[in-house]
Amino acid sequence: MKPKPEPSPTQQAARNPHTLHRCAAQEASTAGAPLHPPPRVADESDARLSRLHHALQAKMLRGGGESDPAARQGLLRRAGFACGCGVRRGARVAANMPLTKHLRVGIIDSNPALKSRNHLTKNGIPDSRVSTVTPATISFFKDIGAWEHVQQQRHAFFGKMQVWDYTGLGYTRYNARDVGKEYLGCVVENKVLCNSLLLRLQEELDDIESVVYPTRLVSLTFPSKSRQAGMNPASSGQLSLGHATEELHRSNLVKLDLSDGRSLYSKLVIGADGSKSNVRQIAGIKTTGWNYPQSAIICTVEHAVENDCAWQRFLPSGPIALLPVGNNFSNIVWTMSPEESLCHKSMSPEEFVKSVNHALDFGYGPHPSSSALDHYMEQLFSGIGNTAASTKECFEVPPKATGVVSERMAFPLSLMHSHDYVSKRLALVGDAAHTVHPLAGQGVNLGFGDAAALAKVIAEGVSVGSDVGDLTLLQRYEKDRKAANVAMTAVLDGFQKLYSVDFGPLNVVRAAAFHGAQYISPLKRNIISYAMGDMKLPIFS
């Protein structure tokens, strides 16, 4: 008996395609999948949103045309890489199974940053585009082997956080010790997250150039029942049986046309291309959402001393956050009206620093101070569970900014949620599926959560021989993530509305909320756990 000939690269590529696609704010795209040159298979997901998982992932903010800071783009790309990594890992674990041996991931992204192959230096000025990653996201990065690369680049853990209101009626302190942890989160530049995922992907592949396509996605063509029904090898005329069989395989795949003239074919396309997702629009997936009457200013400031705490103060026009980024630098995320954002973006550096210090100190209202009510509440709730360490911590004034050392960027804020995360041979992750208000820094973490969940579902499907583009399989991912994302979106939208109105009775309600979070230890612990990535909503238990 003659030995069976090895399948050609083209035939291999057509067998198990998975594709993830991401479009950056500057119309860059990213895709991940099993691939080759035409006929190829591609797969992609954002860094949003986030997980070099051994085979899949995707994070971000908003579309480039509308001053969508790379903050969002970074999220997107990170999530896509992460997801791709997750899938690769799952495939490798089951590498002894024929159905997973040829699983490949492709990334379509024209961003020049993808050419980086080295760790970024810790010296120099931190970029203004950063993300606050939670312990849950950090665990994901450790799982896929990317966190060790983050550790070799600039990052800043923080174990304390203070939140207060401009009325001076209350404040809340959080401490990692409240839940027996070493830190609450870590602030990392978006470019560091993206580079770490890229370096991890490079470790997984002998030839990373064969996976990253430095081009843009032009169009997607999804398989149709009529097209598949019309593909009959027996009636292929002069076509060879091998060619007809290849065409039959390709008729059940998604075709991706790229701007460099090439075409890829994949069993699964993962849209990780941001809030204005081209993939989502082509697929006809509808969304619900609205624009907030707010914009955000982001930049890097310097202090005379090192900052080791995350600070957030709610002002009449929106919250201002001061986040440590290492050494004597901090990142500013300041929400305000669009008119105010234009003014703050154009004012002199000296005036801007003065405005920042005013907003974080006595501006708009007094500092919170202890009162008889505080003492009463502390005594009242002291018997409910073990008292949290931060309950007895006093209000502190944030460190003064001494200078603004980066470009100031402004971008509009919005809420968006896709009605569906998946369809046959398609999945959305990160900002392509949902965008939230940045007041809690949860957008990127939701994106990485998507990447982790999707990579897990794909790996499980591959391990039992399922078609990774099968709708039933992908709906498991949607069911898992939609509930968590909708809950977080509702919480953040509620906060935005509650703190955007200066009205006496509401001010009292906000003050009560601050006091409750400060002195009811079980509630405080649950709030911390939820913010750190435990998807259980805070309750009194």
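Numbering of residues begins at 1 and proceeds along the displayed sequence. Note: hydrogens, waters and symmetry copies are ignored here, and every other heavy atom, side chains too, is used.
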Margin query: As a quick check of understanding, evaluate side chain to side chain donor-acceptor pair (under 3.5 Å) for Ser330 and His303, giving each step before the final call.
Written below: CA-CA 8 Å; Ser330 290; His303 308 286; 2.7 Å; yes
Checklist line | Donor-acceptor under 3.5 Å (Arg525 side chain, Asp178 main chain) | finding: yes
Next item on the list: Give a yes or no on whether the backbone of Leu523 and the side-chain of Asn526 come within a donor-acceptor separation of less than 3.5 Å.
Entry: no
Next item on the list: Verify, without hydrogens or angle tests, whether Asn331 (side chain) and Cys299 (backbone) share a donor-acceptor contact under 3.5 angstrom.
Entry: yes
Item checked: With Ser128, the side-chain contact (heavy atoms from CB on, under 4.5 Å) member among Thr300, Val333, Val301 -> Thr300
Notebook entry, point to check: Aromatic rings Phe352 and Trp334: how do their planes relate, parallel, tilted or perpendicular, breaks at 30° and 60°?
Noted result: tilted
Item checked: Check: Phe395 ring centre within less than 6.0 Å of Trp164 ring centre -> yes
Note to self: Looking only at side-chain N and O atoms, does His344 offer a donor or acceptor that is under 3.5 Å from a partner on Ser355?
What the structure shows: yes
Next item on the list: Indicate whether any N or O donor in one side chain lies under 3.5 Å from an N or O acceptor in the other, for Lys122 and Gln153.
Entry: no
Notebook entry, point to check: Any chance the side chains of Ser337 and Gln294 put a donor and an acceptor closer than 3.5 Å?
Noted result: no
Margin query: I'd like to know whether Val429 forms a side chain to side chain contact (heavy atoms under 4.5 Å, CB included) with Leu454, so could you lay out the CA-CA distance, the side-chain angles of the two residues, the decisive distance to 0.1 Å, and finally the verdict.
Written below: CA-CA 8 Å; Val429 296; Leu454 182 55; 3.7 Å; yes
Check: Any cation-pi pair here, Arg313 with Tyr166, using under 6.0 Å and within 45°?
Finding: no
Item checked: Pairwise side-chain contact, Tyr364 with His358, heavy-atom cut-off 4.5 Å (strictly under) -> yes
Check: Once the angle between the rings of Trp290 and Tyr292 is folded into 0 to 90°, is it parallel (under 30°), tilted (30 to 60°) or perpendicular (over 60°)?
Finding: perpendicular
Check: Taking Thr435 for the side chain and Met416 for the main chain, is one N or O donor matched with an acceptor at less than 3.5 Å?
Finding: yes
Notebook entry, point to check: Taking everything shown except Lys354 itself, do over 12 heavy atoms lie less than 6.0 Å from its NZ?
Noted result: no
Notebook entry, point to check: Among all residues two or more places apart in sequence or in another chain, which pass the side-chain hydrogen bond (donor to acceptor under 3.5 Å, both in side chains) test with Tyr174?
Noted result: none
Note to self: Pairing donors with acceptors under 3.5 angstrom, does anything connect the side chains of Asp450 and Asn485?
What the structure shows: yes
Notebook entry, point to check: Checking Lys160 side chain against Leu184 main chain: does a donor-acceptor pair fall under 3.5 Å?
Noted result: no
Next item on the list: Only one of Thr134, Ile138, Thr132, Thr137 passes side-chain contact (heavy atoms from CB on, under 4.5 Å) with Cys186; say which it is.
Entry: Ile138
Note to self: Assess, by modelled atom type and distance only, whether the side chains of Ser418 and His434 contain a donor and an acceptor separated by less than 3.5 Å.
What the structure shows: no
